[in-house]
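Throughout, protein chains are lettered first and strands after them, A, B, ... in sequence-line order, and every chain is numbered starting at 1.
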Amino acid sequence: MNLLNKIFPHPILTFVLWGIWLLLNNTVAAGHVVLGLVLAILIPWLTSGFWPEKVRIRAPFTLLKFLGIVLWDILVANMAVAKLILGHNKELRPGFFYIDLDIQTPLGISFLANTISLTPGTVSCDLIEDRKRLLVHALHIEDIPATVKEIKERYETPLKEVFTEC
Amino acid sequence: MFELILSALILLGAFFTLVGSFGLYKLPDFFMRLHGPTKATTLGVGALLIASALYFSFKTDYISMHEILVTLFLFITAPVSAHLMAKAAIHIKIKQVKRTQNQIK
């Protein structure tokens, strides 16, 4: 087990690199499958010094469900933002608000911040006070507490389940 | 039929990309302008890439999947660059519209 850990310090990274290599070459020819696998094993091994903490996914199905929800929300958010952009500027009520973070892992926080930027009319602006609060700007917001609650329930809760400290 | 679906996707993509760029021109302050390129364009580029993947998968002999990578890179880079620009803008105290709620001083 220990030896296996040494050879594959980041199994997820290995799979992702392998997938990306095959997609970049746009082929599943045997040569590229082997070359990609060799690179996917070598690169995480050589760079493992730069990645001190190990990424662990606790609940893969929750992650899949989360990604599905996010894709759907991106679709809806795009329509909503397009409507806001095409409407009158005067009716927009932009605003800043803070989200107090419960999630603590760096990868979880970056997932959450990216999701917030891609979805409901909000862009994450700053992470402050030692990863405890996220500053968010909204293009049009009416009820700040309700939005914060929705973001926490919809995105943060599943992410907290998936990325936990280990 | 196939051409119809492709043209619909391309037109949809072009429309959303245009709306995103239009937002960049029209919205009143820096922070609001950030919303156009981070959101409206993701769907636009997404639709264009789906059209590209479909076209090259059906019209040529091989299946074209590297469009997925473009989507992936876009979904990673767009929010990160928006975040960095917003952070820098707050730091140098760029003007915010008067009606902004909870203005950052």
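Using a 4.5 Å heavy-atom threshold, the side chains of A/Leu35 and A/Trp21 count as touching. Residues B/Leu43 and B/Thr17 have side chains not in contact (no heavy-atom distance under 4.5 Å, counting atoms from C-beta outward).
Only the side chain of A/Ile74 comes within contact range of chain B, with heavy atoms under 4.5 Å apart. Heavy atoms of A/Leu84 lying under 4.5 Å from chain B belong exclusively to its backbone.
Your options are B/Lys87, B/Glu67, B/Met85, and the one with the most heavy-atom pairs under 4.5 Å with chain A is B/Lys87.
Hydrophobic clustering of Ile, Leu, Val, Met, Phe, Trp and Tyr side chains at less than 4.5 Å, counting indirect connections, keeps B/Ile10 apart from B/Leu18.
In B/Phe2, the CZ atom is crowded: over 12 heavy atoms of neighbouring residues, nucleotides or ligands sit closer than 6.0 Å.
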